[in-house]
2 protein chains.
Amino acid sequence: MKNEIAEILKRNQLSVTDSRQKILELFRHSNSALAHADIEKQTSEQFDRVTIYRTLQTFVEKGIVHTIPTTDNSVLYALCKDNCSEGHHHDDHVHFICDDCGTTYCLEHITIPKVEVPQGFITKQTDVVVSGQCDKCS
Amino acid sequence: MKNEIAEILKRNQLSVTDSRQKILELFRHSNSALAHADIEKQTSEQFDRVTIYRTLQTFVEKGIVHTIPTTDNSVLYALCKDNCSEGHHHDDHVHFICDDCGTTYCLEHITIPKVEVPQGFITKQTDVVVSGQCDKCS
DNA sequence: TAAATGATTGCAACTTTGTTGCAAAATAAA
DNA sequence: TTTATTTTGCAACAAAGTTGCAATCATTTA
């Protein structure tokens, strides 16, 4: 378990530190996306705010975690499933935000539809965020 | 021209003030989405930061403007085309963010595809954000 | 296994972004 | 024109995020 987490870090050429292990564990045990504030709370302020910012940034750069677009100004992070390669995210799944409980899910099994763009535009990534009620709140 | 803008404000039961007219004009003359900072710059700091925040908030509430989800933590605003009714946005179009120049476009003519969600989930809104290169940068 | 190297952390200070209360000013109504 | 209501700008604050730097920790090498 703990070894598996250390493995992921090593595979991404990251040194294995307490904060990285703990934060990565949080993501693996959560079935929803996490905000910076969630992580700060759930680690019971064991780590400095700055460390959490930097860890998340590193994880995004390494393709361990991806950010989820939201209409409000909050930033959400979620595990990339098949461990995207550095700078090459290919998390082609839909995100679902529940209006009631606020939970954000990665709907891994629903693939992003192809979206047409006008002449001259080139698509590199397509993000789909669905909002409404999740199965627990409906 | 100016009258048309005043009309929109009156139609939405808003009193016609300098800041509201000027900011609404900015949106109408821009073919892309605007961030709070853009507006602050483009009004050459004629209005207080707070006024701009409050004006944008009011416009969103009235359905004159809508927010666009982004992967970074920035909030973008764009004109609602057919002047959504209060609280009832129905801007079912795709948003495109150019990775090179950073411009965000509302692709008015491209409709959002229907996205399946798992059993028990209820869809209320679907946001699609495509990123890549726009026609000017490709 | 211990010392040396290099990366990461925590702290402090700071910037940027967004919010709130309130008096003054502007708009709309009478 | 006067009155009532709304909006604005200021000040002060709160939250979110960033940067430099010394101390600490992880990894490498001998």
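Keep in mind that the numbers below use all heavy atoms, side chains included, and drop hydrogens, waters and symmetry copies. Naming: A, B, ... by sequence-line order, numbering from 1 per chain.
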To the nearest Å, how far apart are B/Leu14 CG and D/dT5 C1'?
14 Å

Residue whose closest nucleotide on DNA chain C lies nearer the 5' end, A/Thr51 versus B/Thr17
A/Thr51

Separation of D/dA16 atom C1' from A/Lys41 atom NZ, nearest Å, is 13 Å

Please report, rounded to the nearest Å, how far the P atom of C/dT27 is from the NZ atom of B/Lys22.
16 Å

For A/Ser15 and C/dT8, is the shortest distance between a side-chain N/O and OP1 or OP2 below 4.0 Å?
yes

Would you indicate what A/Arg49 reaches in the nucleic acid, counting non-hydrogen atoms under 4.0 angstrom: base, sugar-phosphate, or nothing?
base

Here the distance between atom C1' of D/dT7 and atom CG of B/Leu56, to the nearest Å, is 15 Å

Measure CD/B/Glu40 against P/D/dT8 and give the value in whole Å, please.
15 Å

Quick one: on DNA chain C, does A/Phe47 or B/Ala37 contact a more 5' nucleotide (nearest heavy atom)?
A/Phe47

With a 3.5 Å cut-off and just heavy-atom distances, do the side chain of A/Arg54 and the base of D/dG17 make a donor-acceptor pair?
no

When the distance from NZ of B/Lys10 to P of C/dA29 is rounded to whole Å, what number comes out?
9 Å

Spacing between B/Glu45 atom CD and D/dG9 atom P, to the nearest angstrom
13 Å

B/Leu76: which other cluster members, linking ILVMFWY side chains closer than 4.5 Å, directly or transitively?
B/Ile68

How many Å lie between CD on B/Gln46 and P on C/dA25, as a whole number?
18 Å

Could you see if A/Phe27 belongs to whatever hydrophobic cluster contains A/Tyr53? Use Ile, Leu, Val, Met, Phe, Trp, Tyr and a side-chain cutoff under 4.5 Å.
no

Do B/Phe59 and B/Phe47 land in one hydrophobic cluster if side-chain heavy atoms of ILVMFWY residues count as linked below 4.5 Å?
yes

Does the side chain of B/Ser19 get closer than 4.0 angstrom to OP1 or OP2 of D/dT8 through an N or O atom?
yes

On a heavy-atom basis, the closest approach of B/Asp38 and B/Ala35 is OD2-N, 2.8 Å

Heavy atoms from C-beta onward define the side chain here; which of D/dG17, D/dA11, C/dG18 lies closest to that of B/Val50?
D/dA11

Which donor-acceptor pairs under 3.5 Å do side chains of residues 108-115 of chain A form with protein atoms, sequence neighbours excluded?
none

Go through C/dT27, C/dT8, D/dG17 for me and flag the one nearest to the A/His36 side chain.
D/dG17

Closest of C/dT8, D/dG17, D/dT8 to the A/Tyr53 side chain is D/dG17

